[in-house]
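Letters A, B, ... mirror the listed sequences (proteins, then strands); counts begin at 1. These numbers were taken from a predicted model, which means no experiment stands behind them.
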Number of protein chains: 2
Amino acid sequence: MTTEPAEAGRDPEAVSKFVEGFAAQLVEAGMQRMPARVFAALLASDSGSLTSAELGETLRVSPAAVSGAVRYLSQQHMVAREREPGSRRERYRVHSNQWYEALTNREAVLKRWENALSEGVTSLGADTPAGRRMAETLAFFEFVDGEIVAMMERWRVHREERFGRG
Amino acid sequence: MTTEPAEAGRDPEAVSKFVEGFAAQLVEAGMQRMPARVFAALLASDSGSLTSAELGETLRVSPAAVSGAVRYLSQQHMVAREREPGSRRERYRVHSNQWYEALTNREAVLKRWENALSEGVTSLGADTPAGRRMAETLAFFEFVDGEIVAMMERWRVHREERFGRG
DNA sequence: TCTTAACTTCACAAGTTTCTGAAAGAAGCG
DNA sequence: CGCTTCTTTCAGAAACTTGTGAAGTTAAGA
């Protein structure tokens with residue numbers, strides 16, 4: 001009996017095609033290529049987690065590339081790292097059914113935009129046309145901040161109706 | 001009396017500092033550098049519009065660079081091009097107070113994500129753990145689609161209360 | 001404590017991207 | 001119709017990114 005990889009019994013080509021296609025979307029949305037590919041591979045795995053070696057193998061890249069990608073992804077809170085007990089291996093896990101909530105946790109990003117705009121209002125002058133345009137944009141971002149929180153609450157209700165507690 | 005540039009009477013250094021800072025945020029969010037700088041410059045202009053020559057001058061780049069950046073921005077519907085009557089000059093205009101609504105018009109982007117996910121569900125199998133994860137993610141995107149439309153309606157009301165019809 | 005598997009860091013080569021100058025292409029105006 | 005002004009296209013140089021191999025670090029297990 002050979003050691004079965006966790007993801008046996010699937011058409012590897014279909015999986016690979018999905019992984020690369022989804023990664024391409026992420027790249028287009030601004031993510032770096034390697035993190036995008038690693039993330040897509042995790043998303044397409046049944047367990048939602050893979051080891052560094054498995055990632056290197058399915059994506060045909062070096063351990064160094066996996067290491068860099070995973071560091072990025074965990075900084076973005078898109079994957080969690082966990083140590084396999086009794087082993088030197090590390091597993092990387094996509095936060096099961098809530099990974100996409102990270103997309104809306106742009107707290108830090110929005111705050112930086114708001115800071116930039118706020119400086120703009122000050123340095124261009126709140127009473128100038130450009131300053132007023134900035135101020136309105138800033139108000140929009142602040143509005144969105146709040147709306148997103150409310151939206152996510154509605155989603156969780158909606159989700160439970162459709163999928164149960166997951 | 002010298003020919004005043006439209007944006008006279010402002011501290012050019014403060015303006016430039018804002019432009020570069022805001023452009024940097026846009027770059028970090030995935031936009032290419034030159035379109036980001038051009039867009040930020042338009043945003044910081046009092047009239048909300050600049051000619052190609054003015055853009056080249058304030059950003060210190062060649063006409064060719066402006067041309068490429070502007071093509072990108074108008075494809076994204078972030079700026080409008082208008083011809084100055086009685087002149088060969090073109091003006092590029094940031095859609096005054098509604099440019100940021102373009103950020104939420106991600107119709108096409110969301111649809112592409114949804115397609116990719118939908119293919120994922122099919123190719124990985126709707127009855128597999130990975131397939132179910134995909135399906136839930138897809139449902140999330142569809143939910144967000146609808147929520148964004150409703151949010152923008154609320155924003156317009158909110159905006160009118162605060163800023164009037166603009 | 002030593003060995004060894006696993007991950008990380010680093011310098012560099014390969015590959016892209018980006019901006020420029022030059023030349024070609026439009027369009028107003030006489 | 002041709003001159004002139006402005007914009008676009010294109011090939012190539014420069015700068016930046018990205019992934020690799022190799023060396024270094026960490027920690028499990030004997």
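- Classification of the A:Trp113-B:Phe22 ring pair by plane angle, with boundaries at 30° and 60°, yields perpendicular.
- For B:Ala65, whose side chain is taken as the heavy atoms from C-beta onward, the closest listed nucleotide among D:dT8, C:dC7, C:dT20 is C:dT20.
- One interatomic measurement links the two molecules: CE of B:Met34 to C1' of D:dA14, which rounds to 14 Å at whole-angstrom precision.
- Across all strands, A:Val66 comes closer than 4.0 Å to no nucleic acid atom at all (heavy-atom distances).
- Between B:Arg91 and D:dT7 there is no side-chain N or O to OP1 or OP2 distance below 4.0 Å.
- The listed nucleotides are C:dC10, C:dT20, D:dT7; the one nearest the side chain of B:Glu90 is D:dT7.
- Checked for salt-bridge contact, B:Arg156 and B:Glu153 miss the test: no charged N lies under 4.0 Å from a carboxylate O.
- What you find for B:Ala36 and B:Val27 is that their closest heavy atoms are CB-CG2, 3.9 Å.
- Donor-acceptor pairing under 3.5 Å, judged by distance alone, is present between the side chain of B:Arg88 and the base of D:dT4.
- Phosphate proximity of C:dA27 to B:Arg89: absent, as no side-chain N or O sits under 4.0 Å from OP1 or OP2.
- Nucleic acid contact class of A:Gly68 (heavy atoms, under 4.0 Å, all strands): none.
- The interatomic distance linking A:Leu73 (CG) with C:dC7 (P) rounds to 16 Å, in whole Å.
- Atom pair A:Arg71:CZ and C:dT8:P shows a separation of 8 Å (rounding to whole Å applied).
- Remark: P of D:dT8 and CG of B:Leu55 are 12 Å apart, rounded to the nearest angstrom.
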Start with the C-alpha gap between B:Glu54 and B:Ser45, add the side-chain angles, then the distance that decides, and say whether side-chain contact (heavy atoms from CB on, under 4.5 Å) holds. CA-CA 11 Å; B:Glu54 287 167 338; B:Ser45 70; over 6 Å; no
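- Rounded to whole Å, the distance from CG on A:Leu59 to C1' on D:dG19 is 13 Å.
- Distance B:Arg33 CZ to D:dC16 C1': 10 Å, rounded to the nearest Å.
- At whole-Å resolution of the value, CD in B:Glu84 and P in C:dA27 are 16 Å apart.
- Nucleic acid contact for B:Arg37: none, since no nucleic acid atom lies under 4.0 Å from a heavy atom of the residue.
- Distance CD (B:Gln75) to C1' (D:dT8): 14 Å, rounded to an integer number of Å.
- Side chain of B:Tyr92, nearest nucleotide from C:dT9, C:dC19, D:dT8: D:dT8.
- In the set C:dT20, D:dT9, D:dT18, the nucleotide with an atom closest to the side chain of A:Gln32 is D:dT18.
- At D:dT20, none of the side-chain N or O atoms of A:Arg60 fall inside 4.0 Å of OP1 or OP2 (strictly under the cut-off).
- Here the nucleotide nearest the side chain of B:Ser62, chosen from D:dT8, C:dT20, C:dT8, is C:dT20.
- Applying the side-chain contact (heavy atoms from CB on, under 4.5 Å) test between A:Tyr100 and each of B:Leu117, B:Thr137, B:Val144 identifies B:Thr137 as the sole match.
- Comparing C:dT9, C:dG28, D:dA27 by their nearest atom to the side chain of A:Arg83 picks out D:dA27.
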What verdict does the side-chain contact (heavy atoms from CB on, under 4.5 Å) test give for A:Asp145 and A:Glu114, after you've listed the backbone C-alpha separation in whole Å, the side-chain angles of each residue and the deciding distance to 0.1 Å? CA-CA 10 Å; A:Asp145 266 352; A:Glu114 288 170 16; 2.8 Å; yes
